[in-house]
Amino acid sequence: MNNGNTAVIGNQTGDEAKAKVLDFLLSIEEFDLNVRWNGGNNAGHTVWIDGKEYKFHVLPAGILHPHVTNVISRGVVVDTSFLVGEINDTEKRSGVTIENLVISDQAHLIMPYHVLRDKLEGGKIGTTGKGIGPCYEDMVGRRGIMIGDLIGVNGEIRKDDFVECVGSRLERENRILTGAYGQSPLVLGDIVEEQFLAAERLSRFVRDTQKLFKEEQKRGKRFIFEGAQGLMLDKDFGTYPFVTSSATAVDGIFRGTGVHFEFDRVIGVVKAYTTRVGKGPFPTELENDPVGEYLQEKGMEIGTTTGRTRRCGWLNLVDVTYANEINQVTELAITKLDVLSGMPSGKLEVCTSYEDGEPKYTTLDSWPEDIREIREHGELPEQAQTYLQEISDRTGKPIKLVSVYRDRDATIRCDITPRSPSKA
Ligand code: IMP
């Protein structure tokens with residue numbers, strides 16, 4: 001293959017700093033389209049550009065690269081009012097008018113009753129409460145409402161059809177909300193008015209993205225795909241039922257775009273340790289442990305979307321290897337390596353296997369030096385180089401990028417190749 005197509009995918013439980021990697025690649029390579037294919041505003045993608053922090057949720061994180069068309073494709077679920085707020089905020093902060101956005105008419109709408117139901121039912125999983133699960137549930141249950149039911153690809157707002165469409169769903173939703181949860185019923189007029197208001201702002205971006213992708217593919221354009229969440233949160237391959245409701249793995253790109261793409265590169269993004277927000281298994285967690293607290297504080301591990309403190313633990317190479325297989329990863333990008341500088345014990349643990357269901361660790365040395373200013377692999381402390389080599393050896397994958405701080409330029413391009421077949 002030599003089409004330049006690249007997928008940037010989370011290989012853990014989300015929050016791997018995928019957006020940092022994506023933004024770096026967009027700044028050094030030529031891509032024509034950046035595509036979000038799954039999830040919605042449950043995601044929190046942070047990039048630092050010229051010393052300014054931008055947090056994106058459903059807006060693709062490449063939006064501030066003006067020559068790149070940023071697409072919210074059919075597999076994404078969209079809260080229209082939230083998206084309008086995000087566009088307005090981004091324009092205000094950046095001083096740039098957003099022109100390079102395209103939204104699929106087949107993306108499903110997150111309705112207010114989805115958000116309410118998520119808040120009422122999502123506690124046992126620890127969801128973000130953004131309505132993601134209930135929206136995908138309605139999609140599968142054939143009750144979903146698409147952007148195209150509200151806005152046609154010609155930009156027309158389909159008022160009468162939309163009122164009828166929402167009205168037919170609302171009866172059922174209000175029965176659940178009032179009967180099962182003792183909530184007040186939602187009012188049709190309020191819902192559609194809010195959607196019409198958002199539609200005025202969004203109508204110019206709506207298109208048939210499957211057609212757009214096919215046309216651009218034929219013209220030899222280069223695509224980059226912006227993953228949301230991580231493999232262990234994939235609805236099929238993750239730690240079910242403690243997962244999100246979308247396809248976070250590479251195969252999600254096909255269904256989430258409607259086009260069979262081939263990739264030059266699938267970059268598995270791996271944070272140098274592990275974090276998880278919400279409930280669910282976490283074998284290498286450092287719970288009530290000073291090292292876990294150290295990682296949480298130094299790594300500023302607070303959820304971008306919910307403000308929740310992230311659970312922290314050691315790197316789990318068994319999970320990373322599993323993610324590599326499913327995602328057909330061709331190379332790894334290791335992020336937040338700087339957080340492991342100066343570990344209080346001077347030691348790092350890496351989970352390399354399980355015995356009787358318990359993680360088995362390999363112990364490595366930490367390094368005292370601050371590495372945030374380093375830009376060459378060879379200048380990293382020896383222990384940091386060993387840590388990276390161990391990851392490559394045990395997963396059998398090359399490491400091509402290492403992030404040593406949040407800024408775009410705090411990134412090391414390298415080529416660390418595995419010295420032996422996968423051992424993890
Ligand atoms: P939902 O996606 O809101 O339904 O939440 C399901 C699970 O996925 C919860 O444990 C969330 O904390 C987690 N989750 C959802 N989105 C993200 C993300 O972007 N990063 C990390 N965890 C996430």
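Whatever order the structure lists ligands and atoms in, that order sets their numbers, starting from 1. Hydrogens, waters and symmetry mates play no part in the numbers below; they use all other heavy atoms, side chains included. Computed from a predicted structure; not experimentally measured.
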J.: Determine whether the side chain, the backbone, both or neither of Lys130 has a heavy atom under 4.0 Å from any heavy atom of ligand 1.
T.: neither
J.: Counting only heavy atoms, which portion of Thr13 has something under 4.0 Å from ligand 1: side chain, backbone, both, or neither?
T.: backbone
J.: Looking only at distances, can you tell me whether any N or O atom of Thr244, backbone or side chain, sits closer than 3.5 Å to an N or O atom of ligand 1?
T.: yes
J.: Does a salt bridge link Lys221 with Glu30, judged by any charged N lying under 4.0 Å from a carboxylate O?
T.: no
J.: Test the Arg311-Phe282 pair against the cation-pi criterion, namely NZ or CZ under 6.0 angstrom from the six-membered ring centroid and within 45° of the ring axis.
T.: no
J.: Among all protein heavy atoms, pick the one closest to atom 10 (O) of ligand 1 and tell me residue, atom and distance.
T.: Val277 O, 3.2 Å
J.: Considering only heavy atoms of Ile125, which atoms of ligand 1 have at least one such atom less than 4.0 Å away?
T.: 10 (O)
J.: So if I apply the ring-ring contact (aromatic ring centres under 6.0 Å, His included) rule between Phe223 and each of Phe261, Phe263, Trp37, which one comes out positive?
T.: Phe261
J.: Is the backbone N or O of Arg143 less than 3.5 Å from a side-chain atom of Arg169, with the two atoms forming a donor-acceptor pair by type?
T.: yes
J.: Counting N and O atoms only, with roles assigned by atom type, does the side chain of Asn327 sit under 3.5 Å from a partner on the main chain of Ala249, one being a donor and the other an acceptor?
T.: no
J.: Ion pair present between Glu16 and Lys336, side-chain N to carboxylate O less than 4.0 angstrom?
T.: no
J.: What do you reckon, does Arg308 have a nitrogen or oxygen under 3.5 Å from a nitrogen or oxygen of ligand 1?
T.: yes
J.: Determine yes or no for a side-chain-to-main-chain donor-acceptor pair under 3.5 angstrom, with Thr248 supplying the side chain and Asn38 the backbone.
T.: no
J.: Show the atoms of ligand 1 that are less than 4.0 angstrom away from any heavy atom in Ala43.
T.: 19 (O)
J.: Passes side-chain contact (heavy atoms from CB on, under 4.5 Å), Met111 versus Gln195? Steps please.
T.: CA-CA 9 Å; Met111 302 297 288; Gln195 294 292 338; 4.1 Å; yes
J.: Is any side-chain heavy atom of Tyr354 closer than 4.5 Å to a side-chain heavy atom of Lys360?
T.: no
J.: When you measure from the side chain of Lys52 to the backbone of Arg93, do you find a donor-acceptor pair of N or O atoms at a distance under 3.5 Å?
T.: yes
J.: Considering only heavy atoms, which of His57, Glu16, Gln229 lies nearest to atom 18 (C) of ligand 1?
T.: Gln229
J.: Has ligand 1 got any nitrogen or oxygen that is less than 3.5 angstrom from a nitrogen or oxygen of Asp118?
T.: no
J.: What do we get for Thr305 next to ligand 1 when only non-hydrogen atoms under 4.0 Å count, side chain, backbone, both or neither?
T.: neither
J.: Which of the atoms in ligand 1, numbered in the order shown and given with their element, are less than 4.0 Å from a heavy-atom of Val243?
T.: 6 (C), 7 (C)
J.: For atom 20 (N) of ligand 1, what is the nearest protein heavy atom, given as residue, atom name and distance?
T.: Asp15 OD1, 3.2 Å
J.: Under 4.0 Å, counting heavy atoms only: does Gly126 come that close to any atom of ligand 1?
T.: yes
J.: Has ligand 1 got any nitrogen or oxygen that is less than 3.5 angstrom from a nitrogen or oxygen of Thr127?
T.: no
J.: Do me a favour and list the nearest non-hydrogen protein atom to atom 3 (O) of ligand 1 with residue, atom name and distance?
T.: Thr128 OG1, 2.6 Å
J.: With a 4.0 Å heavy-atom cut-off (strictly under), which part of Leu233 contacts ligand 1: side chain, backbone, both or neither?
T.: side chain
